[in-house]
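Okay, here's the structure, questions in a sec.
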Amino acid sequence: MQKIWLSSPHMGGNEVDFVTEAFTTNWIAPLGPNVDGFEQDLSAYTGAKHVAALSSGTAALHLGLILLGVQPGDEVICQSMTFSASANPITYVGATPVFVDSEHTTWNMDPSLLEQAIKERLARGKKLKAIILVHLYGMPAQMDRITEIANNYGIPILEDAAEALGSQWNGKACGTLGTLGVLSFNGNKIITTSGGGALIADEEDIIRKARFLATQARDAAPHYEHSQIGYNYRMSNVCAGIGRGQMLVLEERIRRRRANYSFYKERLSDNGNIRFVDEPDGYFSNRWLTTVIIDETANGAIDRETVRIALEKQNIESRPLWKPMHLQPVFSGAPAYVNGVSEALFKQGLCLPSGSNLSQDDLQRIVKIIKTL
Ligand SMILES: *Cc1c(COP(=O)(O)O)cnc(C)c1O
């Protein structure tokens, strides 16, 4: 039985032409025409005025925190329901993460809890330097209320749009809704450069600084002169070539991922105990992954693990939702503002195979297994 992956790379065909061009022109370096071209493509697509292509989304988050001036001893508010890469960079800069739980509608940061956390941290004399907000599985967060709260307290938003390239909130691209945005092109994301990321912003100065820090912070001099600590975080021109090819098929990838969601929803929502997350008005999700809640409390209903294991036995990969950061052993000492939502999502939630390269037969096979449970 052929393996069905959760979300595997899906090349469009033109990637290899851009990569070949890098070879024939000998631009095998972390700079070159593909890097410039990929940055321009991302800028045109998202509407962000400036883009720095980097080696990973994690590197982009790290530089983002540095550029927002986060220092040892500061605190950074971070959505608890996310992948660890959203939170790890907070510790790279010596700051402390403060985790905030989710709301039911989008599964992203709960605005009321965010405000409570800000008030309480400030009352304790803490320095809050940034809010890391995530658009989980491609679904935009509640930007209206969150932006209002962040503005009221003058705290910048670092938007982790690693899973949300192509998603929009009120017609604006995810990644362009905060002060700084982060994208990822890891192998499992909606488009990939094998590994890569980007930091995006409207402010030219901040992106110029990001490029400077990402290339070892070399001052202008014929020799190597440094007045700041630098990083080696630039994207390779070979990888950027893959990215340029992937940009040509991004719209089609979004269309296919959204079709996966519709397929599952049409066939599985009459199951009674399987629930889907709809888009509120004005929200557009790229549906990077189709996620479902499997409510085992319904009469005679199956639980999440029963579904996951049944799929695994048939060589089909599915995965529980992200385990919240406030429940991770590595962050056990971090302050957290919780309401039980992310913990329940983790207990009942499952990511179904969602690749844009799934065939109709693959989807039928998956649905059939779940329906017979
Ligand atoms: C993938 C991902 C990242 C990290 O991106 P990399 O390019 O793998 O470093 C960060 N945050 C979220 C929410 C992600 O899903």
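Counting starts at 1 for both ligands and their atoms, in listed order. Small disclaimer: the values here were computed from a predicted structure and weren't measured.
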Atom indices of ligand 1, in the order listed, that fall short of 4.0 Å to a heavy atom of Gly196 | 7 (O)

Any chance the side chains of His135 and Glu159 put a donor and an acceptor closer than 3.5 Å?
-> yes

Using the rule that two of Ile, Leu, Val, Met, Phe, Trp, Tyr join whenever any of their side-chain heavy atoms come within less than 4.5 Å, decide whether Val70 and Leu61 are in one cluster.
-> yes

Per-atom contacts of ligand 1 with Ser86, taking only distances under 4.0 Å to non-hydrogen atoms | 11 (N), 13 (C)

Atoms of ligand 1 close to Ser56 [distance to a heavy atom under 4.0 angstrom, numbered from 1] = 7 (O), 9 (O)

Please confirm whether the backbone N or O of Asn188 pairs with a side-chain atom of Thr192, one donor and one acceptor, at under 3.5 Å?
-> no

Counting heavy atoms under 4.0 Å, the part of Asp160 that contacts ligand 1 is side chain

Residue, atom and distance of the protein heavy atom nearest atom 15 (O) of ligand 1 read Glu163 OE2, 2.6 Å

Show which atoms of ligand 1 fall inside a sub-4.0 Å distance from at least one heavy-atom site of Asn186.
-> 8 (O)

Pull out every atom of ligand 1 sitting under 4.0 Å from any heavy atom of Phe83, numbered as shown with elements.
-> 2 (C), 3 (C), 14 (C)

Going by the order shown, which atoms of ligand 1 are within less than 4.0 Å of some heavy atom of Thr82?
-> 13 (C)

Residue, atom name and distance, where the atom is the protein heavy atom closest to atom 2 (C) of ligand 1 = Lys189 NZ, 2.9 Å

Using the test ring pair (Phe, Tyr, Trp, His ring centres under 6.0 Å), find all partners of His62 that sit at least two apart in sequence or belong to another chain.
-> Tyr92, Tyr231, Tyr233

Can a salt bridge be assigned to the pair Glu296 and Lys347 using a cut-off of 4.0 Å between side-chain N and carboxylate O?
-> yes

For atom CD of Gln328, decide whether the heavy atoms of other residues, nucleotides or ligands shown that lie under 6.0 angstrom number more than 12.
-> yes

May I ask you to identify the nearest protein heavy atom to atom 9 (O) of ligand 1, giving residue, atom name and distance to one decimal place in Å?
-> Thr58 OG1, 2.5 Å

Note: ligand 1 atoms sitting under 4.0 Å from heavy atoms of Ala162 are 2 (C), 3 (C), 10 (C), 11 (N), 12 (C), 14 (C)

In chain order, what residues pass the side-chain hydrogen bond (donor to acceptor under 3.5 Å, both in side chains) check against Asn357, with sequence neighbours excluded?
-> Ser8

Which atoms of ligand 1 have any heavy atom of Ala85 under 4.0 Å away?
-> 3 (C), 4 (C), 10 (C)

Heteroatom distance test (Ser184, ligand 1): nitrogen or oxygen, under 3.5 angstrom | yes

Look at atom 6 (P) of ligand 1 and find which of Ala161, Ala59, Gly57 reaches it with the closest heavy atom.
-> Gly57

CZ on Arg304 to CZ on Arg319, rounded to 0.5 Å | 12.0 Å

For Arg267, look at atom CZ and say whether over 12 heavy atoms of other residues, nucleotides or ligands are found less than 6.0 Å away.
-> yes

